[in-house]
Chemist: 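Quick one: the structure is below, questions incoming.
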Amino acid sequence: MKFIESSRRVLVCQNRTCRKQGGAKVLAAFQKLSGSEVAVVASSCLGQCGSGPMVLVMPEEVWYCGLCPEEVAAVTEQHLRGGTPVKAMLYRKFHGSAN
Ligand code: FES
């Protein structure tokens, strides 16, 4: 049995509002593109309804909003693998200095 240590998690909201905004496809894209070093989790409401699909990267608490499936590759490559959040896609409410 292979033990996978995964301290980093990507929470993708699957509650009502985010699902209406395409959360299921964003979740599927993260599941497809992320490696075994990252745990991709379908989450309940993250408390930011209306700006979704909401994505929260833990433990660093980096928020993304309004992601579309086509943008997940950039987040996966640049942030999850490269360690640098994608500024243009950050949730400005919590990352006001983005851009
Ligand atoms: S439904 Fe996604 S943040 Fe509330």
Side-chain angles (χ1 to χ4, degrees):
M1 182 173 155
K2 186 178 176 187
F3 176 74
I4 300 170
E5 177 154 348
S6 179
S7 58
R8 183 177 262 164
R9 288 169 291 139
V10 177
L11 281 63
V12 185
C13 180
Q14 297 298 295
N15 208 47
R16 193 168 60 186
T17 309
C18 286
R19 280 191 75 90
K20 279 184 187 170
Q21 295 175 310
K25 288 183 179 175
V26 170
L27 174 66
F30 272 111
Q31 289 172 329
K32 180 179 175 187
L33 295 172
S34 297
S36 59
E37 71 278 5
V38 178
V40 178
V41 179
S43 84
S44 57
C45 180
L46 294 170
Q48 304 301 319
C49 315
S51 298
M54 293 305 303
V55 173
L56 173 59
V57 181
M58 296 293 285
E60 59 260 58
E61 293 188 35
V62 172
W63 292 78
Y64 291 99
C65 65
L67 285 186
C68 64
E70 293 75 22
E71 294 171 321
V72 170
V75 174
T76 301
E77 276 305 311
Q78 187 178 318
H79 186 169
L80 302 181
R81 297 203 174 99
T84 304
V86 184
K87 285 187 176 180
M89 301 175 196
L90 293 177
Y91 186 33
R92 291 187 183 188
K93 180 176 178 180
F94 298 145
H95 304 291
S97 59
N99 289 349

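Each ligand, and each atom within it, is numbered from 1 in the order the structure gives.
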Chemist: Got a list of side-chain donor-acceptor pairs under 3.5 Å for residues 66-74, not counting sequence neighbours?
Modeler:
residue	atom	partner	partner atom	Å
Glu71	OE1	Cys68	N	3.0

Chemist: Taking only residues two or more places apart in sequence or in another chain, which ones pass salt bridge (Lys or Arg N to Asp or Glu O under 4.0 Å) with Glu60?
Modeler: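 Glu60 satisfies salt bridge (Lys or Arg N to Asp or Glu O under 4.0 Å) with Arg8 once adjacent residues are dropped.
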
Chemist: So which heavy atom on His79 is nearest to which on Tyr64, and how close?
Modeler: ND1-OH, 2.7 Å

Chemist: List the atom pairs, with distances to 0.1 Å, where a side-chain N or O of residues 41-53 and a protein N or O form a donor-acceptor pair under 3.5 Å, not counting sequence neighbours.
Modeler:
residue	atom	partner	partner atom	Å
Gln48	OE1	Tyr91	OH	2.8
Gln48	OE1	Lys93	NZ	3.1

Chemist: Between the side chain of Gln78 and the main-chain N/O of Gly83, is any donor-acceptor distance below 3.5 Å?
Modeler: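 Pair absent, no side-chain N/O of Gln78 close to backbone of Gly83.
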
Chemist: Run through ligand 1 for me and note each protein residue having a heavy atom under 4.0 Å from it, chain first, then residue number.
Modeler: Cys13, Asn15, Thr17, Cys18, Cys45, Leu46, Gly47, Gln48, Cys49, Met54

Chemist: Any sub-3.5 Å donor-acceptor pair from His95's side-chain atoms to Lys87's backbone N or O?
Modeler: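 No, because the side chain of His95 does not come within donor-acceptor range (under 3.5 Å) of the backbone of Lys87.
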
